[in-house]
Every structure is written in C-alpha cells, then in structure tokens.
Amino acid sequence: MNRTLRSLALPALAALVLAGCGNSDPESDSSTEETASVEQTDVPSDGDESSAWPDVDDAEEQGYYAQGEYLAMNMTGAGFIMTIPASGPDDIEAYREATGQEPVGYIKVEIDNSNGYEDAQPNGITIVDSEGQEYEYESAFIVIDEWGPTMRDDGPEDVNDGYWYSMPDGTEISEDEYGPLNSQGIDVYNAYLDTSASPTAKKTVWLLGPEVPQEMTYIELTEPAGSYQASPLK
C-alpha cells in the first residue's frame, strides 16, 4: 500500500470569523468580517520543539519544482533529506570512467532514523519532469554491478581453456584488464551495499539513474514497505 506525505511541518490553522454587531446603532446593523489567525508554529512529532524536522515548502507557483533539497518521511518516524542532484562519490565516478560507462545522475539520501522504530531503507526514487516523463533511480550497488566485466567460459577450448572476458556491451578484454577492473568493482559494490539504517541511526545512501531534469512536478521515494511523496525544503 502506497503511503504519501507531502509535508512534515504542520501548518497552523487560520480561522475566518464572521462577527455580527450587537448594538442598536442602525448604522452598524450590517455584519462585519474579522479575521482571527492562530500564530503559526511547527509541531514536532514527539512534542519536543528541538526535534522538529526542517520546514518544507509546498508552494508550486511556477508549476514545477527546481533542483535542490527535498524531504520525505515514512510512517515509522524516519526522515529522508534528498539532494537532487548531487555530485557523485569519487570512487563510484572513478569506476564508472574505468568501465567506460556514460554519465549518470546521482541522488544523495540522508536518512535520519533517530525517532524511528523500524529499519529505514530507501531503495528507489521516481521523478516526473514538466513534460510528463518519468525518471527512475535505484540503489547504487545495483547500477555498479551492471558496469563490471564478466568472465565467460564458452570460448574455444584450445584458447585459455575456453575462458574469455568482456564488458557489458560485449567488448572483449584481456585477462590482464579483467583482473583490476573486477577487483575495483567488488570494492565499490561492497562499499555501497548496506542501505538500511536501524532505529535511532543515521546513514547516507546513494541512488543512481539518468541525469536529473531541471524541472520536476513529482518526486517519490520508495522503500520495501511503501512510498512517500517528497516536498522541497525551504
């Protein structure tokens, strides 16, 4: 079941009061409108103002969201601050270049599970641009695994006992090229394999996909247990 949260900060209610005049003055028999407003405050989930999340901006005056920082929260108390887009980690970028892959879009997700009571594990983000096109982002280790070389055993038996090596696009490489690339890929893959933050923990995870559009009309973060709409931070 999808669960959506547009805003974490709870806006104060504004009440419009229609006050009637109670004196006998005929010039003041008509009702006058008075607007009473309640002072706007941020209400943290646990009643402690110091634990309030950053304010989010629900304004969409231009009809789209720009690149920047966004906030989503799940139903168990975890918050996710997303930088869309972000500069990719050096080790991922080095491996991408070493394997000859095209540039990708990076999204950094800072998990704050300080008040959560279950594991928090963002594993995807969906973005819709102002033209209606969808963009999908997934855990970094999944994409990293797709970049690496492969050792095959279906070659001629009289050549290296049938073993040969290739890149994802089918380009054949030598065993000397395969070894360092494979080792580099294993190290980078393992570095980004853990994407879960336990209750009370904080963690940064990375999601990869296409280059991030300039104008966005919808952003949704997903976990194994559900999905949550994001709102821009003020």
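Nothing here was measured: the structure is a model prediction, and the numbers come from that model. If you read the sequence from its start, that first residue is 1, and numbering goes on from there.
- The two residues Gln229 and Ala72 have their closest heavy-atom pair at O-CB, 4.0 Å.
- When all heavy atoms of Gln101 and Arg96 are compared, the pair lying nearest together is O-NH1, 2.8 Å.
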Which atom pairs, one a donor and one an acceptor, fall under 3.5 Å between side chains of residues 134-142 and the rest of the protein, sequence neighbours left out?
from, atom 1, to, atom 2, distance (Å)
Tyr135, OH, Asp129, OD2, 2.8
Glu136, OE1, Thr126, OG1, 2.9
Glu136, OE2, Thr126, OG1, 3.3
Tyr137, OH, Pro210, O, 2.9

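- Within 6.0 Å of the CD atom in Glu157, the count of heavy atoms belonging to other residues, nucleotides or ligands does not exceed 12.
- With contacts defined as side-chain heavy-atom distances shorter than 4.5 Å, the pair Met82/Leu221 qualifies.
- Side-chain contact between Thr217 and Glu215: absent, with no pair of heavy atoms (C-beta onward) separated by less than 4.5 Å.
- Cluster annotation: Met216 is not connected to Leu208 through the hydrophobic network of ILVMFWY side chains, with a link wherever side-chain heavy atoms come within less than 4.5 Å.
- Asp154 and Trp164 share a donor-acceptor pair across their side chains, judged by distance under 3.5 Å alone.
- In the hydrophobic cluster analysis, where Ile, Leu, Val, Met, Phe, Trp and Tyr join through side-chain heavy atoms closer than 4.5 angstrom, Tyr65 is grouped together with Val109.
- Residue pairs satisfying the salt bridge (charged side-chain N to carboxylate O under 4.0 Å, His left out) criterion with at least one member in residues 188-199, sequence neighbours excluded, are listed as follows: Asp194-Lys203.
- Looking only at atom types and distance, the side chain of Asp176 has no donor-acceptor partner in the side chain of Ser174 under 3.5 Å away.
- A donor-acceptor pair shorter than 3.5 Å cannot be found between the side chains of Glu223 and Asn123.
- Taking 4.5 Å as the limit, some side-chain heavy atom of Val205 sits within range of a side-chain heavy atom of Ile111.
- For Trp147, the side chain to side chain donor-acceptor pair (under 3.5 Å) test picks out no residue, with sequence neighbours left out.
- No hydrogens or angles considered: nothing links the side chains of Ser198 and Asn113 as a donor-acceptor pair under 3.5 Å.
- Glu69 is not listed as a side-chain neighbour of Ile84, based on a closest heavy-atom distance of 4.5 Å or more.
- Residues passing the side chain to side chain contact (heavy atoms under 4.5 Å, CB included) test with Thr204 are Lys108, Glu110, Trp206, sequence neighbours excluded.
- Applying the salt bridge (charged side-chain N to carboxylate O under 4.0 Å, His left out) test to pairs two or more places apart or on separate chains, none has a residue in residues 78-92.
- For Tyr106, the side chain to side chain donor-acceptor pair (under 3.5 Å) partners at least two apart in sequence or on another chain are Glu93.
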